[in-house]
Amino acid sequence: NIKSIKFDLIQNDKELKIDELVEGLVLGEYEFTKYKSNSKKAKKLQITICTTNSKKEEEKLEKELANALAITSSVNMVRSIINTPPEDYFPDTMANDAKNIASQNDLTCIIHGEDYLQTNGMNAMFNVGRASRHESKLIHLAYKPKEPKGKIVLVGKGLTYDSGGLSLKSGAGMVSMKCDKGGGSAVLGIMNTLKALSCEYEVHGIIGAVENMIGGDAYKPDDVLVAKNGKTIEVRNTDAEGRLVLADCLCYAQDEIKDIDYIFDYATLTGACIVALGNETIGTMGHSKKLKAKMQKAADSSGELIGILPFNRYLPKQLKSGIADIVNSTASRAAGSITAGLFLDNFIKKENKNKWLHLDIAGAAYSESPWGYNSFGGTGAGVRLTLNFIKNLDK
């Protein structure tokens, strides 16, 4: 029956941070009730935040409040996208969301269909989605401020549903696979926030929106696919589909966007990441120690958790194929998250190796057990982490 709450930022022992208060309140309050027939009517709660600071400090706090509300609003948007069932959310839906985000935030938005994928040699991505009744979509959003300080590329896996393809998942394994669009959804959330934060960097968001289904037209184990950069891939497992989509999207991004300063990809890629790091931590991989350290600093500051998974010189040989350049899935279960990251490394150009990080959000993006201030379902993993990284680039 509480109708109002007052918070004093100035406490006896410390000063509370307004962004942390807002995150706790807004993210902790989130519930996804769209499909509940008897959802409770929302009650209004008045929240007052008090400070004894000067007018100048108050203006700074007002800005921090606005930024925190913009970020949490985008996180909750991502949560709702992830939680929406696959019958109601498919590649065309994701493309329409991208168009709406672009129109609301003065972004450019390009949507490519399957004809473009075939014409431009993006056969890995095309084959993953060819058995679906929903056409695959390549989404390219761009935020371009005047005189940008640098250029950042974000690539997201947007599997709106993953049945596993002909390497069919078990019945239990298919439940919650609506979450496989977590990477692409995170990219949408980040792009939705840049204008509100007055971001000074040019940022591109590339999403491969695909549905992996079964049928007479499905791609098969033993197929050999040719990716956009000419690499040939022997398909050993059609359930290792996300890396095929990301491979072509990474190639597209590097071909279309020049002078990249940072390139990050986000994907609910491997169950092995959950085994290694648990349900709350994002697996982070790359070649640059300096860049990984920067992302760790952003994690510590944003409240999201990352764990660094190390590449080593012995693992790439597991990706060798007898008939193609590489396999999409290794015979060994050992280091499954790392070998998936090393697969993607084949599609990063030499000049971009030290600018790239792979973020496996398989555990952190979705949970059927509430944790922290995350309720059942999607969490919006990666959004606060990345925005914090960008915000502190000049520090």
Side-chain angles (χ1 to χ4, degrees), residues 23 27 30 32 70-84 89 91 93-95 97-98 100-102 105 107 137 139-143 152-160 162 176-194 196-197 199 203-210 242-243 245-246 249-250 253 262-270 273-274 279-285 295 298-299 302-306 344 356-367 372 374 377-391:
E23 285 188 5
L27 298 181
Y30 173 86
F32 187 70
I71 292 167
T72 52
S73 174
S74 288
V75 171
N76 283 346
M77 179 194 77
V78 172
R79 288 167 154 184
S80 293
I81 290 173
I82 294 170
N83 290 334
T84 302
Y89 205 96
T93 320
M94 187 166 259
D97 274 352
N100 291 334
I101 287 168
N105 293 278
L107 311 179
K137 302 288 183 180
I139 300 164
H140 183 173
L141 290 165
Y143 168 83
I152 301 166
V153 176
L154 315 173
V155 179
K157 171 188 171 184
L159 263 289
T160 59
D162 179 23
S176 80
M177 278 301 103
K178 63 186 179 182
C179 81
D180 223 14
K181 55 184 178 287
S185 303
V187 172
L188 288 179
I190 296 162
M191 300 303 294
N192 188 54
T193 323
L194 299 171
L197 300 185
C199 178
V203 184
H204 293 260
I206 315 293
I207 301 166
V210 185
R243 65 199 70 181
V245 174
L246 284 174
C249 288
L250 287 166
Y262 301 99
I263 180 166
F264 305 141
D265 72 75
Y266 307 78
T268 47
L269 205 63
T270 65
C273 191
I274 304 173
N279 286 306
E280 302 83 19
T281 304
I282 298 170
T284 305
M285 288 154 259
M295 190 59 78
S302 68
E304 294 204 62
L305 304 175
I306 71 167
L344 295 176
W356 165 67
L357 286 182
H358 163 55
L359 291 96
D360 191 332
I361 61 172
Y366 187 91
S367 178
N374 295 297
T379 66
V383 176
R384 290 180 297 135
L385 171 69
T386 308
L387 292 171
N388 193 282
F389 177 92
I390 297 170
K391 173 184 153 187

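Remember, predicted model here, so these are calculated numbers, not experimental data.
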Enquirer: Taking the side chain from Tyr143 and the backbone from Cys199, do they hold a donor-acceptor pair closer than 3.5 Å?
Expert: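 Yes; judged by distance alone, with no hydrogens or angles, the pair exists.
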Enquirer: Which heavy atom of Ala253 sits nearest a heavy atom of Val155, and at what distance?
Expert: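 For Ala253 versus Val155, the nearest heavy atoms are CB-CG2, 4.3 Å.
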Enquirer: Does Asn83 use its side chain to pair, donor to acceptor, with the backbone of Arg79 at less than 3.5 Å?
Expert: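 Flag set: sc Asn83 to bb Arg79 pair under 3.5 Å.
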Enquirer: Could you tell me whether the side chain of Met77 reaches within less than 4.5 Å of the side chain of Asp97, counting heavy atoms only?
Expert: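 No, their side chains stay 4.5 Å or more apart.
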Enquirer: Quick one: does Arg384's side chain have a donor or acceptor within less than 3.5 Å of a partner on Val75's backbone?
Expert: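 Here the side-chain-to-backbone pair does not exist.
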Enquirer: Hey, could you give me the CD/OG distance between Glu23 and Ser302, rounded to the nearest 0.5 Å?
Expert: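 Nearest 0.5 Å value for the CD-OG distance: 8.0 Å.
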Enquirer: Mind checking what makes side-chain hydrogen bond (donor to acceptor under 3.5 Å, both in side chains) contact with Asn100, not counting sequence neighbours?
Expert: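 By the side-chain hydrogen bond (donor to acceptor under 3.5 Å, both in side chains) rule, Asn100 matches no residue at all.
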Enquirer: Applying side-chain hydrogen bond (donor to acceptor under 3.5 Å, both in side chains) to Asn374 and Thr379, what does each step give before you reach the verdict?
Expert: CA-CA 6 Å; Asn374 295 297; Thr379 66; 4.8 Å; no
Enquirer: Find the distance between CG (Leu357) and CG (Leu344) and round it off to the nearest 0.5 Å.
Expert: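 Rounded to the nearest 0.5 Å, the CG-CG separation comes out at 12.5 Å.
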Enquirer: When rounded to the nearest 0.5 angstrom, what distance separates CD1 in Ile71 from CD1 in Ile190?
Expert: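 With rounding to 0.5 Å, CD1 (Ile71) is 11.0 Å from CD1 (Ile190).
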Enquirer: Establish, from distance only, whether the side-chain atoms of Tyr30 and Thr72 form a donor-acceptor pair under 3.5 Å.
Expert: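 Judged by distance alone, the side chains do not pair up.
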Enquirer: Looking at CD1 of Ile81 and SG of Cys179, how far apart are the two atoms once the value is rounded to the nearest 0.5 Å?
Expert: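 Taking CD1 in Ile81 and SG in Cys179, the distance rounds to 14.0 Å.
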Enquirer: Which heavy atom in Arg243 sits nearest to a heavy atom in Thr270, and how many Å separate them?
Expert: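 Result for this residue pair: NH2-CG2, 3.8 Å.
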Enquirer: Does a side-chain heavy-atom distance below 4.5 Å link Val78 with Asn192?
Expert: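 Not touching, per the 4.5 Å side-chain cut-off.
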Enquirer: List for me each residue that meets salt bridge (Lys or Arg N to Asp or Glu O under 4.0 Å) alongside Lys137, sequence neighbours excluded, and say none if there are none.
Expert: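 Asp92, Glu135.
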Enquirer: Mind checking whether His140 and His204 have parallel, tilted or perpendicular rings, split at 30° and 60°?
Expert: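 Answer is tilted, since the angle falls between 30° and 60°.
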Enquirer: Might you point out which heavy atoms bring Leu141 and Ala98 nearest each other, and give the distance in Å?
Expert: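 Distance-wise, the nearest heavy atoms are CD2-O, 3.5 Å.
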Enquirer: How long is the straight-line distance from CG of Asn105 back to OG of Ser74, given to the nearest 0.5 Å?
Expert: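 It comes to 7.5 Å.
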Enquirer: Using only atom types and a distance under 3.5 Å, with no angle test, would you say the side chain of Thr193 pairs donor to acceptor with the backbone of Gly189?
Expert: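 Side chain of Thr193 to backbone of Gly189, a donor-acceptor pair under 3.5 Å: yes, one is there.
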Enquirer: If you take all heavy atoms of Ile390 and Leu194, which pair is closest and at what distance?
Expert: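 So the minimum-distance heavy-atom pair works out to CD1-CD2, 4.4 Å.
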Enquirer: Measure the shortest side-chain to side-chain distance between Thr84 and Thr93 over non-hydrogen atoms and say whether it is less than 4.5 angstrom.
Expert: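 Side chain of Thr84 against side chain of Thr93, heavy atoms only: no contact under 4.5 Å found.
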Enquirer: Output all residues satisfying salt bridge (Lys or Arg N to Asp or Glu O under 4.0 Å) with Asp180, sequence neighbours left out; order by chain, then residue number.
Expert: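 Residues passing salt bridge (Lys or Arg N to Asp or Glu O under 4.0 Å) with Asp180: Lys157.
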Enquirer: Please report the C-alpha distance between Ile82 and Tyr89 in whole Å, then the side-chain angles of each, then the deciding distance to 0.1 Å, and finally whether the side chain to side chain contact (heavy atoms under 4.5 Å, CB included) criterion is met.
Expert: CA-CA 9 Å; Ile82 294 170; Tyr89 205 96; over 6 Å; no
Enquirer: What distance separates Glu304 CD from Thr281 OG1, expressed to the nearest 0.5 Å?
Expert: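 Rounded to the nearest 0.5 Å, the CD-OG1 separation comes to 10.5 Å.
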Enquirer: For residues Leu188 and Met94, determine if any side-chain heavy atom of one lies less than 4.5 Å from a side-chain heavy atom of the other.
Expert: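 They are in contact (side-chain heavy atoms under 4.5 Å apart), so the answer is yes.
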Enquirer: Checking the side chain of Asp360 only, and the main-chain atoms of Ala362 only, is there a donor and an acceptor separated by less than 3.5 Å?
Expert: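 At least one qualifying donor-acceptor pair exists.
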Enquirer: Return the minimal non-hydrogen interatomic distance between Ala381 and Ile282, and the atom names on each side.
Expert: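 What the structure gives for the nearest pair is CB-CD1, 4.4 Å.
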Enquirer: If you take all heavy atoms of His358 and Asp265, which pair is closest and at what distance?
Expert: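 His358 and Asp265 have their closest heavy atoms at ND1-OD1, 2.6 Å.
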